[in-house]
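Beneath this line is the structure, given in structure tokens, with notes to follow.
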2 protein chains.
Amino acid sequence: MATIHDIARQAGVSIATVSRVIKGGANVKPETYQKIIEVMKALNYRPNRIAQKLVKKQTTSRTIGILIPDITQTFFLEIIRGIYNVLRVEEYNLFIFNILSLAGSSIFPHILEENLAGLLVINFRLSKEEANLLRHHHLPFLVLENYLSYAHSIYVNNKKGGELAAQYLLSHSLKKIALIGEARHTLQQEQRFQGFKNYLQKNHVHLPILEEYISIDPHLPYSHYTQVAYELTLQLVTQEGVDGFFFYCDELAYGGIAARKEIDKKIFIVGYDDLPASSYLGLTTIRQPAQEIGRLGASTLMRLLQAEADEPYLHLCLDPQLIVRN
Amino acid sequence: MATIHDIARQAGVSIATVSRVIKGGANVKPETYQKIIEVMKALNYRPNRIAQKLVKKQTTSRTIGILIPDITQTFFLEIIRGIYNVLRVEEYNLFIFNILSLAGSSIFPHILEENLAGLLVINFRLSKEEANLLRHHHLPFLVLENYLSYAHSIYVNNKKGGELAAQYLLSHSLKKIALIGEARHTLQQEQRFQGFKNYLQKNHVHLPILEEYISIDPHLPYSHYTQVAYELTLQLVTQEGVDGFFFYCDELAYGGIAARKEIDKKIFIVGYDDLPASSYLGLTTIRQPAQEIGRLGASTLMRLLQAEADEPYLHLCLDPQLIVRN
DNA sequence: CTGAAAGCGCTTACAG
DNA sequence: CTGAAAGCGCTTACAG
């Protein structure tokens, strides 16, 4: 890569003059300007933005980073929408890190390289070490959709959500229940299913329960799994006699809804999230308001940017809500 | 802001030793390390990432920027989802610029500061000068949802879309038609409405046409305007006797759908976009596949990053499609 | 374990 | 209109 010195040498001028041309060419003789422009073209010169920033002391950015597992999942997309609703008004840019490709290697060095004003960590198992690393580098951050004792966090009570789902399904007399989740076994999923099973135990219900986990290829758009869930539902109803379903998330439950239309048996389905489309589909689900979580997260982070570094950890637990439809 | 020199002075060591501590403290005597850490804390020191990058020659980034008017609009959110579907697999990060706050001032200096690998310009009237500026700085870019003679662009034929909408509405015998748009009067909107009116003219149809423009406050989430459109629709039907509606976009048309439910008169509605929810709502609309446009844009840009700088401009025009529902 | 020195690629008074 | 020089805040051989 050519530098300002290469250009200066080739053009037979000083780097100061080249620098003036980079800035637009004020106070440079037209012939000199032309000559320098030509050399720049010939060498395919691009000024180094990093160096420009250093000397200009452009150190603070108005950019918020977000660490999110999978934007193709509608729930996370809605969270982002909520976040951006706040950021746009506050005049911040949004930097979305790609965490798909990090087999083994850590993303945190990359995060620290990007001069961010703050970071939102969404649905990500941030370790204590990683949290300390961020703090050590004075990057304010906030964890969403996950409870962490060692960080500011805003989350929804997943166990409670699972209980609500169980409560709903048990209000109908069912024969066999299936829990449908992802083979990734996220913490959120474990908690929801745990809450579900706890409720059965507490109420001494001895219903046969099946657990099925769909293996997720992160390279495929998440919508693909709606189809997989559809087929799985059909199979479980016809071959296993399942008549109650609790899906880890609405997008999987949509597959269940599609299957239900083709079956003459009466089956009950509960999803999780309450995405915008769920109301149109008449899906009974556990509501966790994605956009509001995003907005709340972003505005809280904005507040943290102004605050003292040593503010005690904020732990905000939101309650999910059962939405019965159809 | 404290620098490495301040720390070195306070701690009574050289900047080289401080630098070692920044990197984690290898080859530093524990006492020295402690002392330096303390001074850093006391002065609230944060290493300058820009300087670090300069010296480490970290010049190229794997980040794609996008310039988009309003992510709160579902259509644009879906485009982003399509873009990200590609970027995540290609291992690029996504930088979303906030263009809300730029009254007067240009965003392009900010864009050039960010050391991006490429830029997607979505639904934005990029001037010839701005295009040249980007080229001058060797930032590969691609324009989406807008035809520009002086840039690579991928867009949907809006006039054709307007014609399709007119064709549909005229297949029913209507008394009065309303075109409902935004007072922002984007180019896309003008073209759609122009196509609509052209079709009427060409077919010598002399139907009374009303045009109504909803004024948009960019600080409000776009969903707010669904409600505004709802009220406007009610009013136009009851007070003006309108029985045919062409909405600039589906999200506005949803308001029309909601109004239709409360009216006993038969009215016809066409939207534009065909968002995911539109099928559930039974909305007749002009389809322009947002996710696919995003994917196509991103993958084309990826290709451009590898290509010669002087490749002839790519102009890809997609045809919209009438989707009749209900 | 530590420091002096060179250097990353620029900008910008200052002097001419 | 132009250049020499200092400096932006770091890292990293190299020598000790």
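Residue numbering restarts at 1 for every chain, and letters A, B, ... go by the order of the sequence lines.
When both pairing distances are held under 3.5 Å, C:dC1 makes a Watson-Crick or G-U pair with D:dG16.
In terms of position along DNA chain D, the nucleotide closest to B:Pro47 lies nearer the 5' end than the nucleotide closest to the other residue of the pair B:Pro47 and B:Arg20. DNA chain C is contacted by both B:Tyr33 and B:Lys56; B:Tyr33 maps to the nucleotide lying nearer its 5′ end (nearest heavy atom per residue).
Atom name C1', nucleotides D:dG16 and D:dT12: the rounded distance is 16 Å, in whole Å.
Separation of the B:His315 and B:Tyr147 ring centroids falls under the 6.0 Å cut-off.
A:Lys53 comes within contact range of no nucleotide atom at all, as no heavy-atom separation falls under 4.0 Å. Looking at heavy-atom distances under 4.0 Å, A:Arg46 makes contact with sugar-phosphate atoms alone, never a base. Contacts of A:Ile50 with the nucleic acid, taken as non-hydrogen atoms under 4.0 Å apart, are absent. The residue B:Asn27 sits close to a base: some heavy atom pair falls under 4.0 Å. Across all strands shown, B:Thr3 has heavy atoms under 4.0 Å from sugar-phosphate atoms exclusively, and none from any base.
Side-chain polar atoms of B:Thr186 and B:Arg125 form no donor-acceptor pair below 3.5 angstrom. For the residue pair B:Gln291/B:Tyr84, the side-chain donor-acceptor check at 3.5 Å is not satisfied.
The structure places NE2 of A:His152 at 4.0 Å from CG of A:Leu304, a figure rounded to the nearest 0.5 Å. Atom OG1 of A:Thr17 and atom CD1 of A:Ile36 lie 5.5 Å apart (nearest 0.5 Å).
If you walk DNA chain D from 5' to 3' and mark each nucleotide with an atom closer than 4.0 Å to a heavy atom of chain B, the marks span D:dG9 to D:dA13.
Here the side chain of B:Arg62 pairs a donor or acceptor atom with the backbone of B:Glu90 at under 3.5 angstrom.
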